[in-house]
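Written out below as structure tokens is the structure these notes cover.
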Protein chains: 2
Amino acid sequence: MATTETRRRADAERNIAAILDAALVSFTEDPSASMAAIARAAGVGRVTLYAHFPSREVLLEAVLDRAIAAAGEVIEKATPGEGPATDALRRLLQSSWHELDQHRKLFDLAQRELGATRLRQRHREVVDHVESLLVRGQQEGVFRSDLPMTWLVTTVYSLLHAAAEDVNAGSLAAEEAAGVLEATLLPALASR
Amino acid sequence: MATTETRRRADAERNIAAILDAALVSFTEDPSASMAAIARAAGVGRVTLYAHFPSREVLLEAVLDRAIAAAGEVIEKATPGEGPATDALRRLLQSSWHELDQHRKLFDLAQRELGATRLRQRHREVVDHVESLLVRGQQEGVFRSDLPMTWLVTTVYSLLHAAAEDVNAGSLAAEEAAGVLEATLLPALASR
DNA sequence: CTCAAGTTGAACACCACTGTTCGACTTAAG
DNA sequence: CTTAAGTCGAACAGTGGTGTTCAACTTGAG
């Protein structure tokens, strides 16, 4: 289905992948990463970068699309719609905290550089997964209903991000992240 | 005590204050705010800005120092050392969430532009207030001790920041922020 | 009133980043 | 092997930020 008359050469394909990988890392590490730095990180000439992505904006959008797709896949693998909501949230945190944090950082960047409204719909795709899990938990009576739903979603993302930052800074071990998140989020979300 | 042979003229003093005010807002709204933009926001010529703050770096440090001092004062007014730890935390959130969020944003920016280590000590002054309150709560048995202290501090700051973002984005009313924070943080921090 | 302190815009050199063009070179595909 | 697709560095123009200098102007203090 991707053979729609693109007919790219194999090395071009490889470079595009390397660029997207490098751009994802670069953008999440430093929002103001330059095109030159990204090209260098991808092991590719600056001209090659521009050959595939004519502008910084286009590149950012491509990275974002890819991150959203990846996040969607990882989330679905955790089957957030099955079993007790509490267990589903545990599975989600365990498998996806890192992926979701990357997405969050990209979203922040894109919001600044591409404008807020333009991103809402794309962002929704990912956020909705979390939100519908929380709604299900409320219906089951295990998650609290005394606070706005937007706030609950914010709480999940915010702590996810915080854990990722701590891991990045070295003050939290990566293996402990999911457990710590669980121990903090479950009581914060639980109904009394 | 501030009369130590500075002998600045009154309008200079006024301009410096206006610049620091504008810079605080500008930096927290947009980390990449330019010197020209800050001067404009302060209602002051670009040259005047440079007359008082010879570089962007110096200005950022001055803003940071001021924010730390302000945060310290606001925190102390909430008397975090008196009464039950839970009540003290409530007072702190009620009076300081906005101030603490501003400080957090500045800290993030300064960390990127001035280097991480250089900021640790200054940051400590503010963080310690929160940390010692949490430690006191642990000793009283009302706050949990099963997670690293650094994580508990991170949790408080992270949700503080999230609430401020939501208020800024319009999805949370400013008057509700403290209450929502309380309702989320207390169960997250409580011992079982 | 007087004068030093302070402000201002215009102009300057400098630098980093963006995006483009070119011509020479390398590599995958048939 | 041939050739079209792709890569590369160098060099370019344009933009926007930083920090400086200067000479004219305004303002506060004594």
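Just so it is clear, the model here is predicted, and its values are computed rather than measured. Residue numbering restarts at 1 for every chain, and letters A, B, ... go by the order of the sequence lines.
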- request: Under 4.0 Å from any atom of DNA chain C, heavy atoms only: list the residues of residues 22-32 of chain B that qualify, in numerical order.
  value: none

task: Please list, by residue number, the residues of residues 45-55 of chain B whose heavy atoms come closer than 4.0 Å to an atom of DNA chain C; answer none if no residue qualifies.
output: B:G45, B:R46, B:V47, B:T48, B:H52

Could you pull out every donor-acceptor pair under 3.5 Å between side chains of residues 161-172 of chain A and any protein atom, sequence neighbours left out?
{"unit_1": "A:H161", "atom_1": "ND1", "unit_2": "A:D101", "atom_2": "OD1", "d": "2.8"}
{"unit_1": "A:E165", "atom_1": "OE2", "unit_2": "A:K105", "atom_2": "NZ", "d": "3.4"}
{"unit_1": "A:D166", "atom_1": "OD2", "unit_2": "B:T154", "atom_2": "OG1", "d": "3.2"}
{"unit_1": "A:S171", "atom_1": "OG", "unit_2": "A:D166", "atom_2": "O", "d": "3.4"}

Suppose we screen for side chain to side chain donor-acceptor pair (under 3.5 Å). Which residues come up paired with [X], at least two apart in sequence or across chains?
{"X": "A:E99", "result": "none"}
{"X": "A:R56", "result": "A:E113"}
{"X": "B:E57", "result": "B:R118"}
{"X": "B:Q111", "result": "none"}

query: Can you name the residues that form a salt bridge (charged side-chain N to carboxylate O under 4.0 Å, His left out) with A:E13, not counting sequence neighbours?
result: A:R8

Please check: side-chain N/O of [X] versus main-chain N/O of [Y], any donor-acceptor pairing under 3.5 Å?
{"X": "B:E140", "Y": "B:A85", "answer": "yes"}
{"X": "A:E125", "Y": "A:G72", "answer": "no"}
{"X": "B:S158", "Y": "A:S158", "answer": "yes"}

Find the distance [X]:[atom1] to [N]:[atom2] and express it as a whole number of Å.
{"X": "A:R56", "N": "D:dT15", "atom1": "CZ", "atom2": "C1'", "answer": "15 Å"}
{"X": "A:M35", "N": "D:dT15", "atom1": "CE", "atom2": "P", "answer": "19 Å"}
{"X": "A:L60", "N": "C:dT18", "atom1": "CG", "atom2": "P", "answer": "12 Å"}
{"X": "B:E57", "N": "D:dG17", "atom1": "CD", "atom2": "C1'", "answer": "16 Å"}

- prompt: Does the side chain of A:N15 get closer than 4.0 angstrom to OP1 or OP2 of D:dG6 through an N or O atom?
  reply: no

field: Reading 5' to 3' through nucleotides 25-30 of chain D, protein heavy-atom contacts under 4.0 Å coded B for base, S for sugar-phosphate only, - for none
entry: --BSS-

statement: Per-helix bend value, the helix from C:dC1-D:dG30 to C:dG30-D:dC1, C1' rotation axes over five pairs per end, 10° rounding, shows 30°

Same cluster (ILVMFWY, side-chain, under 4.5 Å), A:L60 and A:V58: yes

ILVMFWY network linking A:L147 to B:L160, side-chain heavy atoms under 4.5 angstrom: yes

Could you tabulate the donor-acceptor pairs under 3.5 Å formed by side-chain atoms of residues 182-192 of chain A, not counting sequence neighbours?
{"unit_1": "A:E182", "atom_1": "OE2", "unit_2": "A:R90", "atom_2": "NE", "d": "2.8"}
{"unit_1": "A:T184", "atom_1": "OG1", "unit_2": "A:V180", "atom_2": "O", "d": "2.8"}
{"unit_1": "A:T184", "atom_1": "OG1", "unit_2": "B:W151", "atom_2": "NE1", "d": "2.7"}
{"unit_1": "A:S191", "atom_1": "OG", "unit_2": "A:G141", "atom_2": "O", "d": "2.7"}
{"unit_1": "A:R192", "atom_1": "NH2", "unit_2": "A:D146", "atom_2": "OD2", "d": "3.0"}

- prompt: Sequence neighbours excluded, which residues qualify as ring-ring contact (aromatic ring centres under 6.0 Å, His included) partners of A:F107?
  reply: A:H123

